[in-house]
Protein chains: 2
Amino acid sequence: MVFAGQGDPRRSMALLWRDERPGGTRTRQWPGPKPALSVEVIVRAGIAVADAEGMAALSMRAVGERLGRTAMALYTYVPGKSELVDLMYDQVLAELPDDYDLAAGWRAAVTSWAEDTWEFYLRHPWVLQVSQARPVLGPHEYRALETLLALLYATGLDSAVLRPVVGALVHVVRGAARTVAESRAAAASTGVSDEDWWLARSGMLEEVVPDFAERFPLLVRLETEGAAPVTDDAVPYLEREARATFEGGLAVVLDGVEAAIRRTH
Amino acid sequence: MVFAGQGDPRRSMALLWRDERPGGTRTRQWPGPKPALSVEVIVRAGIAVADAEGMAALSMRAVGERLGRTAMALYTYVPGKSELVDLMYDQVLAELPDDYDLAAGWRAAVTSWAEDTWEFYLRHPWVLQVSQARPVLGPHEYRALETLLALLYATGLDSAVLRPVVGALVHVVRGAARTVAESRAAAASTGVSDEDWWLARSGMLEEVVPDFAERFPLLVRLETEGAAPVTDDAVPYLEREARATFEGGLAVVLDGVEAAIRRTH
DNA sequence: GACGTTACTTTATGGCGTAAGGAGACGGCA
DNA sequence: TGCCGTCTCCTTACGCCATAAAGTAACGTC
């Protein structure tokens, strides 16, 4: 798990918000060689590494190498790795849309939001590994939350009711996306596809635990009855399930929100 | 993130299920010195380290040291670190209760389950960092799922409907618990309490972003109106919020389940 | 041309997982 | 009784990691 930088918080904040006030990011510093890099370039390189190779492969060396520099060169621009991760996190959140149409009602809007967020996480799975406690407090993180709140306040619900709803929505989307993200990461890092992995394991289970069906009857029932229908053979089993969990889980939460609305009338 | 062992899956499975069939875990192997350790002892030491110092501090050296051995001594019993983590994970899941009373209805039972699971995660926060894709497939993990399914099938809902419900429940509980877990981990590893951290950051925010209230009006509204009431001063702010998110989020999901039940009648 | 500042490098420290090989303990057999 | 094969556990070593410290070279100003 990667934590928010424990270094000078003032410097972290200035970096996140690209502080332009006097005393913030320095402009035209005179002596010395011209900087070949910049915070932006480094953050972008970090995102590229994390997107391509995953969070586990994100090292200062790897980022430096991608820019033709050593790891230590980065420390001129960024206090350390955890601050770099914070900056990457907030930067990549800028991709999230913030213009949702409420004309078709809050439920349709929140569903679009969830869909966009889901796709965002699958595009940048490493984001799911950035710690959520002690939030990064960057501009794009705040903007993303503000966007969701605009949709939820359209329900007419109280702030006190909305608070856990925000949490539930975020957790359901993140949780389901995490399953896909980790599954892909595992496939990439081991070279074994989900299908092959599952086949090998389930075969072994039968061998090692012959009385499985008697010990876990409900599990077998859920597995055999409730499987998501195969609509596209190209999508592996685990991802199909995660997608169904995402859609179904979202629907359950939104049903709960509707119940809360009905209750206040 | 820690992935399931990519070593010999047969060996992993045998370890997880403590295979006693011929060819499984060997009994009375003759020559050589008597083993002073055992898989059980090592797994327990690993759990102790992770409970006390967090997943980040779990190293083969640390576990060995706790047993008065070197890191390499563990490799006689366990193929590698990721398998050890799998074993720790499944072992600690044995703590979860599996006898819930359905007499007061499924909703009360699921609420107790959620409460127990919540407490379990706070007791062993490192569990939240074990990868969920490619599940460990150990006996206690299956038992835990079977337990929850027994409560959910009492709703009378279809397997296909129940599947995403399981996901949503697990994600809401895990997500909220993760917030507390990461917050405590951050406090422990940096020595800065949530309160102090937040105070420092929010002060700096005001300084760096003076127009915050105009840029993020809904966020300010949620923050000022929706805060969880202070019932116990000993519980820090962030944990109080996470607890409210847990309770409220659970209620929203269960309301959604009730809506699904009503729909099928 | 000298000087102070800056960008970036090299080197070093102390962590990690784990491969390889060696030391010593022990049961079974001669 | 002593040897042998096997087993536990150790030391050593390798290649990663983040990053501290110190050195080198480029550059604007004087």
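Keep in mind that the numbers below use all heavy atoms, side chains included, and drop hydrogens, waters and symmetry copies. Here is the naming used below: chain letters follow the sequence lines, and residue numbers restart at 1 for every chain.
Out of dA18(D), dA21(D), dC8(C), the shortest distance to the side chain of Y77(A) is found at dC8(C). The side chain of P33(A) has dT6(C) as its nearest neighbour among dC8(C), dT19(D), dT6(C).
Between T70(A) and the phosphate of dC8(C), there is no side-chain N or O to OP1/OP2 separation shorter than 4.0 Å.
For the pair K81(B) NZ and dA19(C) P, the interatomic distance rounds to 15 Å; values are reported in whole Å. Taking atom CZ of residue R69(B) and atom P of nucleotide dC9(D), one finds them 6 Å apart after rounding to whole Å. What separates CG of L74(B) from P of dC7(D) is a distance of 19 Å, to the nearest Å. The CG-P distance, from L67(B) to dT8(D), rounds to 15 Å in whole Å. Between the CD atom of E65(A) and the P atom of dT9(C) there is a distance of 12 Å, rounded to whole Å. Distance L37(A) CG to dT9(C) P: 8 Å, rounded to the nearest Å. Following rounding to the nearest Å, M55(B) (CE) and dG17(C) (P) show an atom-to-atom distance of 11 Å. If you measure from atom CD1 of I42(A) to atom P of dC8(C), you get 8 Å, rounded to the nearest angstrom.
Listed for the D51(B) side chain is no donor-acceptor partner under 3.5 Å among the backbone atoms of H124(B).
Around atom CD of E206(B), no more than 12 heavy atoms belonging to other residues, nucleotides or ligands sit under 6.0 Å away.
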Just do the side chain to side chain contact (heavy atoms under 4.5 Å, CB included) check on E95(B) and V92(B) with the steps written out, would you?
CA-CA 6 Å; E95(B) 281 182 20; V92(B) 84; 4.0 Å; yes
Mind running side chain to side chain contact (heavy atoms under 4.5 Å, CB included) on W198(B) and L137(A) for me, showing each step along the way?
CA-CA 10 Å; W198(B) 180 253; L137(A) 305 186; 3.9 Å; yes
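At a threshold of 4.0 angstrom between heavy atoms, the contacts of A73(B) are confined to the sugar-phosphate backbone, with no base atom among them. Among the heavy atoms of the strands lying under 4.0 Å from L58(B) are primed sugar atoms or P, OP1, OP2 only; no base atom is included.
Here the CZ atom belonging to R10(B) is positioned 4.5 Å from the CD atom belonging to E207(A), to the nearest 0.5 angstrom. Note: T76(B) OG1 to R69(B) CZ = 10.5 Å, rounded to the nearest 0.5 Å.
Between F216(A) and W17(B), the ring planes lie perpendicular to each other; the angle is over 60°, past the 30° to 60° tilted range.
The 5' end of DNA chain D is approached more closely, in terms of each residue's nearest nucleotide, by T76(B) than by the other of M72(A) and T76(B).
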Show me the protein contacts with nucleotides 14-16 of chain D, counting only N or O atoms at under 3.5 Å.
none

